[in-house]
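Protein chains get the first letters and strands the later ones, always in sequence-line order, with residue 1 at the start of each.
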Amino acid sequence: MSARPVVTRFAPSPTGFLHIGGARTALFNWLFARHHGGKYLVRIEDTDRARSTQPAIDAIIDGLDWLGLSGDEPPVFQYDRAGRHAEIAEQLLAKGEAYRCYLTSEELAARRTAAQAERRPFRLTSEWRERSDGPADAPFVVRIKAPRAGETVIEDKVQGRVAVANEELDDFVLLRSDGNPTYMLAVVVDDHDMGVTHVIRGDDHLNNAFRQLIVVRAMGWEEPSYAHIPLIHGPDGAKLSKRHGALGVDVYRDEMGILPEALVNYLLRLGWGHGDDEVISREQAVEWFDLDHVGKSPSRMDYKKLENLNGHYLRGADDARLAKLVAPRLEIAGDQLGQLVGAMPEIKARAHNINELADGARFLFQERPLMMEPAATALLTPEARVHLAHARTALEALPKWSPEAIEAAVRAVADHAGLKLGKLAQPLRAALTGRTNSPGIFDVLLHLGQHESIGRISDQLEPSE
RNA sequence: GGCCCCUUCGUCUAAGGGUUAGGACGCGGCCCUUUCACGGCUGAAAUACGGGUUCGAAUCCCGUAGGGGUCACCA
C-alpha cells in the first residue's frame, strides 16, 4: 500500500448532462476518498471545444451538488491547462518518447478504409515514427511512441489482472494539429498534477487505461491504481438510451420526484453489496465502501426498486422540506404551506415520490365544489347521504376541532347508526376528498378544518345545481 | 470483425470448495385496517450450457453460447 494519501476524482466531459452512470462513478469516487480519509476532486474535461457546452457544465455541477458529491476543491477545467499539456508533449518529444507525424487526416482515412477493404484490423504504422525530416511549415500531430512488443498489464481493482498485447496499441495522438491536447494526454497530465492515486471510472475506459499507462511510464511518473466499474444498462439489458437511464439526474429530481439520498442509496447498491444490507446511510456507506465488493458485470436499472427506496426515505424525511418540494407542483403558497406541512406525516406515508406526494395532498387545496372521481361519486348512495347528514350535524356541533373530538364524533355517528366505521368513513372520504383513498379520515377532517369539511359535506348533500 | 471484459431467482445482490444457495425489489396469498399506503407472516422464483480438477464445485481450470465494452486529431 502506497503511503500517498488517497486522491480520487470524477472527470465528466460536459458534452451532455450528468447521467445516472456518471452519478454513480462520482459516488464511488467520493465514497472511496472518504473511506480512506482522502480527497475527492472534480475535473471538467472540456478539451473538446466544439462539443462542450456551458449548460452541460452547469447541469453537471448542479447535479453533483444535489447529490452531495461536489468536489472538495473547486472544479478544475481541463482546457485551462492546455498549455501545461503541450509542455508535457514537448518533453515527451525531447525524450524521444513521442514524434511529430505529418500524416494528414485524409491519408489516415485512406489507410483505414484500405485495411477495412482487406478485412484486416487497422493499426497505424506511421513512417514518421522513425523520421525527423518533416516539412518545416506543414501541420503535424504529436504521437506517442508506443511499445511494439511485449504486453501491458493492469492490475485493476475491480476487473482484476488484465493484459493486452502491445501490438494492439498504436501510436495515438497526444497533441492535435491545432496544438490542443487530446483527452489521452490531458487525463494523464492532470491526474498526475492533481496527485490522483486512484482512477475510478466507467468500464468503457478500461482500454484507454493501457494507453494512458504508456504516457505515465514515458514520463516516469508514479502509476495510479485503476478501478473500472461496470456500466449501468437499461431495464432491458441494452445500453442506456434516452428512453431510460441516459437522463440527466435533474429528471430524477424534477420529473420523477426522487430524493437525492434515495438515488444515492440505490446507486450504491447497484453494482456493490454489503451482505444483506439494503438501506444504507451515508455514514455507513463511507465506513463500508470498498472496491473489492464492486461487481464485475453490468447491472440494469430497476425503477421499481428505486421508487421503493424513495418511499422509504420519503417517510423519514422532514415535513417542512417535503412541503417545500411539493409546493411548486401544487402551486400553493403562504398559509397553505403551513397546512401542507401539518398534513405531511399522513401524506408522505402513502407516497413513493414527490409526484405522488403532490397528488396525495391535492385534495387539501381543491376549490369547492370538488371534482369527484366517478368511483367516489358511486359511494354517495342515498343511504350514505343520510349518514353523511348525521355526520355533518355532529361535526357542526363540535366546539373544538381537535383530533380527539373529531374521532369521537365520527365514531359516535357510526355507532348510533349501527354501522361499521368503514361504512361511514368511505362516503365521508368521498365527500371530503373527491376520491376513494386518502389519509385516515380523522386526519382528513382535521387538516381540512371544520368550516371546509362541513362545506364539502354540504356540497354533496345539497348539490348547487 | 480484432482485442478486452462479464454470466447466481424477472431485477439488484450474498455465499470467495462442504449452506435446505440467503436478503431486497417486483409478483401471489394471508394478517393488520375506515380507504390507500406502511408494517408483519408466507409462497413461487436462480448458480447459462458442456467438459474437467476434487471425497466434495455457484465457487478452481478449459471450451461453447449469450451479453457488454472498445477500436478517432471524442471524451
Side-chain angles (χ1 to χ4, degrees), chain A residues 11-16 45-48 50-52 78 101 103-105 108-109 112 116 119-123 139-143 156 158-160 162-165 167-170 172-178 180-184 186-187 202-208 210 228 230-231 233 235 237-239 266 269-279 292-293 295-309 311-312 315 346-352 356 360 379 410-411 414 419-426 428-430 433 435-442 444:
Chain A
S13 64
T15 53
E45 312 237 310
D46 56 350
T47 52
D48 184 343
R51 297 197 305 153
S52 297
Q78 192 158 59
C101 174
L103 256 25
T104 65
S105 329
L108 246 24
R112 201 167 288 133
Q116 229 154 44
R119 307 178 113 265
R120 66 180 159 78
F122 176 70
R123 207 134 292 136
F140 61 86
V141 298
V142 174
R143 288 183 186 277
D156 195 275
V158 170
Q159 303 295 339
V162 185
V164 92
E167 296 98 79
E168 303 294 331
L169 279 17
D170 54 11
F172 55 92
V173 174
L174 298 173
L175 225 49
R176 300 184 238 259
S177 53
D178 64 1
N180 281 135
T182 59
Y183 159 80
M184 219 59 83
V187 251
D203 201 15
D204 51 340
H205 283 289
L206 181 57
N207 289 294
N208 291 333
F210 295 100
H228 289 92
L231 270 17
H233 289 167
K239 192 175 173 171
Y266 175 75
R269 282 286 292 103
L270 197 60
W272 179 84
H274 184 269
D276 288 344
D277 298 300
E278 294 289 345
V279 177
D292 304 328
H293 290 84
K296 301 172 83 169
S297 56
S299 37
R300 307 180 182 197
M301 276 299 290
D302 182 348
Y303 292 98
K304 286 278 182 53
K305 188 159 184 173
L306 208 208
E307 284 255 302
N308 175 274
L309 224 29
H312 172 86
R315 272 169 256 132
E346 283 76 39
I347 308 282
K348 73 183 180 187
R350 351 188 101 64
H352 302 93
E356 287 183 10
L379 288 170
V410 174
R411 284 193 189 279
L419 292 174
K420 289 190 72 174
L421 184 55
K423 281 289 184 187
L424 176 59
Q426 273 308 82
L428 209 42
R429 187 185 319 280
T433 69
R435 318 176 53 156
T436 56
N437 59 59
S438 77
I441 198 65
F442 308 129
V444 169

Euclidean distance, atom CD of residue A/E278 to atom C1' of B/rG26 [Å, nearest integer]: 13 Å
Between A/A425 and A/H312, which has a closest nucleotide on RNA chain B that is more 5'? A/A425
Side chain of A/R350, base of B/rC38: donor and acceptor closer than 3.5 Å? no
Quick one: is A/T47 getting a side-chain N or O under 4.0 Å of the B/rA75 phosphate, OP1 or OP2? yes
Please state the C1' separation for the pair B/rU11 and B/rG26 - nearest whole angstrom. 8 Å
Just how far, in rounded Å, is P of B/rA75 from CG of A/L206? 19 Å
Could you check how far CG of A/D292 sits from C1' of B/rA14, rounded to whole Å? 15 Å
Can you tell me whether the side chain of A/N208 and the base of B/rA75 have a donor-acceptor pair closer than 3.5 Å? yes
According to ring-ring contact (aromatic ring centres under 6.0 Å, His included), who are the partners of A/H228, at least two apart in sequence or on a separate chain? A/Y226
Taking the P atom of each, how far is B/rU8 from B/rC4, in whole Å? 22 Å
So, the side chain of A/D46 versus the backbone of A/Q78: is there a donor-acceptor pair under 3.5 Å, distance only? yes
Measure distances between side-chain N and O atoms of A/K305 and base N and O atoms of B/rC12, and say whether any donor-acceptor pair falls under 3.5 Å. yes
Pairing check on B/rG2: which nucleotide meets the Watson-Crick or G-U wobble criteria with it, both distances under 3.5 Å? B/rU70
Look at the side-chain N and O atoms of A/S299 and state whether any lies under 4.0 Å from the OP1 or OP2 oxygen of B/rU13. yes
To the nearest Å, give me how far apart CH2 (A/W272) and P (B/rU13) are. 12 Å
I'd like to know if A/K348 and A/E356 make a salt bridge, using a cut-off of under 4.0 Å between side-chain N and carboxylate O. no
Backbone N or O of A/L174 within a donor-acceptor pair of the A/T182 side chain at under 3.5 Å? yes
The side chain to side chain contact (heavy atoms under 4.5 Å, CB included) partner of A/Y266 among A/E307, A/K305, A/E278 is A/K305
Using Watson-Crick or G-U wobble geometry with both distances under 3.5 Å, which nucleotide pairs with B/rC25? B/rG10
B/rG52 and B/rA45, which share atom name P, separated by this distance in whole Å: 29 Å
Please report the distance, rounded to the nearest Å, between CZ in A/R300 and P in B/rG66. 16 Å
What is the distance from CZ of A/F442 to C1' of B/rU33, rounded to the nearest Å? 12 Å
Decide yes or no, distance alone: a donor-acceptor N/O pair under 3.5 angstrom between the base of B/rG22 and the side-chain of A/D276. yes
Could you let me know what B/rC60 is paired to, Watson-Crick or G-U wobble, both distances under 3.5 Å, or none if it's on its own? B/rG52
Integer angstrom distance from the C1' of B/rU19 to that of B/rA14: 12 Å
Whether the side chain of A/R429 and the base of B/rU34 hold a donor-acceptor pair under 3.5 Å is what I'd like checked. yes
Expressed in whole Å, how much space separates the C1' atoms belonging to B/rG43 and B/rA48? 26 Å
P spacing across the pair B/rC12 / B/rU47, given as an integer number of angstrom: 16 Å
By the 4.0 Å heavy-atom rule, please label A/L231 as base, sugar-phosphate, or nothing. sugar-phosphate
A/D203 CG to B/rU70 C1', in whole Å, measures 10 Å
Using purine N1 to pyrimidine N3 plus N6-O4 or O6-N4 for Watson-Crick, or N1-O2 and O6-N3 for G-U wobble, both under 3.5 Å, which nucleotide pairs with B/rU19? none
Does A/R269 use its side chain to pair, donor to acceptor, with the backbone of A/W272 at less than 3.5 Å? yes
For B/rG39, the Watson-Crick or wobble counterpart (both distances under 3.5 Å): B/rC31
Using modelled atom types only, decide if a donor and an acceptor are shared between the side chain of A/R429 and the backbone of A/P439 within a distance under 3.5 Å. yes
Rounding to an integer number of angstrom, what distance separates B/rA21 and B/rC9 when you compare their C1' atoms? 10 Å
Phosphate-side-chain proximity, A/R269 and B/rA24, N/O vs OP1/OP2 below 4.0 Å: no
Nearest nucleotide by nearest heavy atom, which residue falls closer to the 5' end of RNA chain B, A/K420 or A/F210? A/F210
Atom P, compared across B/rG23 and B/rA37: separation rounded to whole Å: 25 Å
Just call it for A/Y266: base, sugar-phosphate, or nothing, with non-hydrogen atoms closer than 4.0 Å on any strand. nothing
Think A/H352 has a side-chain N or O under 4.0 angstrom from the OP1 or OP2 of B/rC38? yes
Rounded to whole Å, the CG-P distance (A/D48 to B/rA72) equals 16 Å
Would you say the side chain of A/S438 and the base of B/rC36 hold a donor-acceptor pair, judged only by whether the two atoms sit under 3.5 Å apart? no
Ring centroids only, cut at 6.0 angstrom: are A/Y183 and A/H205 within range, meaning strictly under it? yes
